[in-house]
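A, B, ... follow the sequence lines: proteins, then strands. Residue 1 opens every chain. The structure presented is a predicted model; accordingly, all values stated were derived computationally and were not measured.
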There are 2 protein chains.
Amino acid sequence: MKLTDAEWQIMNCLWERYPATARGIAERLPKDVEWAYTTIKTLLTRLVEKGAVKENKKGNTSLYEPLLSKQNARRSALKNLANQAFDGAFGPLMHFLIEDEKLTDSQKNELLKAIQKQDKKEKSK
Amino acid sequence: MKLTDAEWQIMNCLWERYPATARGIAERLPKDVEWAYTTIKTLLTRLVEKGAVKENKKGNTSLYEPLLSKQNARRSALKNLANQAFDGAFGPLMHFLIEDEKLTDSQKNELLKAIQKQDKKEKSK
DNA sequence: TGACAACTTCTACAACTGTAGTAGAATGCT
DNA sequence: AGCATTCTACTACAGTTGTAGAAGTTGTCA
């Protein structure tokens, strides 16, 4: 499932807390995003049509909650990027990240630990 | 600079070898991409307008070459993804990759080495 | 030199995206 | 009950993207 830029904004708010009303989402959008209320509704409607969000009419007002998990959305986005820009493989992608982006020492340590931990879990299986 | 899906296809061919003609690019497109020749031309024109590609009319035929480097295109794409889906930070992105994607042992080793190497370079600066 | 091939530029057009207005229904306050 | 507020559903509309046809121009080979 592929999300557009605007849809990511909405989903990010929704994942942060749900069920949520359109109004609630409006309030949790980043300060610099100034969308008309109806814009948010439109986006939500599209997300419902896509099956990324569930809508629950509660009397007068709709409550929304994600069907697509953040996990999965991230996975798709990364997969997509890997395909487009890294020959479909994650290895080169990570490589690029490590070489290109400046990591602080603590970030590096954290990564090392993460890799090792993941390693151990793997072994114990 | 943001590239669309179709534009990535073109750019990938162009980075692989340039200067290149539209015909040449057509030939190097993945087998499953079957675009009319004019489709490729349209995309190239748009890329030129965007400033991602330079066009060089050689008599009857145009030669194209990238102005946008692969490096930079990748950087932008990653930055964009990080912003959208990982609160703008690369740390969590990498973390996600490491935890979520199954790495083979050798991939892990390679990463460890890469991190360490990068570390050393950093120190020696 | 004429005909076919290969190029180029223009135009087209539907689907998707970003962004929002309008009108009518439901709710709430006095 | 009546008016203001707040929702919702529907419509709109320009810009971007994917995809390509048409028509004119240049090159090439017999």
Partner residues of Arg75(B) under the salt bridge (Lys or Arg N to Asp or Glu O under 4.0 Å) criterion, sequence neighbours left out: Asp100(A)
Whichever hydrophobic residues join Tyr37(B) through chains of side-chain contacts under 4.5 Å: none
Residues that Val33(A) engages under side chain to side chain contact (heavy atoms under 4.5 Å, CB included), provided they are two or more places apart: Gln9(A), Leu29(A), Pro30(A), Trp35(A)
Base versus backbone protein contacts along nucleotides 8-16 of chain D [heavy-atom cut-off under 4.0 Å; B, S, -]: BB-------
Cluster companions of Leu67(B) among Ile, Leu, Val, Met, Phe, Trp, Tyr (side-chain spacing under 4.5 Å): none
First encountered from the 5' end of DNA chain C, between Gly59(A) and Ala6(A): Ala6(A)
Start and end of chain B contact along DNA chain C [non-hydrogen atoms, under 4.0 Å]: dC7(C) to dT9(C)
All side chain to side chain contact (heavy atoms under 4.5 Å, CB included) counterparts of Ala82(B), not counting sequence neighbours: Phe90(B), Leu93(B)
For Lys79(B), all residues meeting salt bridge (Lys or Arg N to Asp or Glu O under 4.0 Å), sequence neighbours excluded: none
Position toward the 5' end of DNA chain C (nearest nucleotide), Leu3(A) or Glu34(A): Leu3(A)
Qualifying residues under side chain to side chain contact (heavy atoms under 4.5 Å, CB included), relative to Ser69(A), sequence neighbours excluded: Gln71(A), Asn72(A)
Non-neighbouring partners of Lys2(B) that pass salt bridge (Lys or Arg N to Asp or Glu O under 4.0 Å), sequence neighbours left out: Asp5(A)
Heavy-atom side-chain contact between Lys50(A) and Glu7(A) under 4.5 Å: yes
Rounded interatomic separation in angstrom, taking CG from Leu44(B) and C1' from dT19(D): 14 Å
Lys54(A): partners by salt bridge (Lys or Arg N to Asp or Glu O under 4.0 Å), with sequence neighbours left out: Glu65(A)
Sorted by number, the residues of residues 13-21 of chain A with heavy-atom contact under 4.0 Å to DNA chain C: none
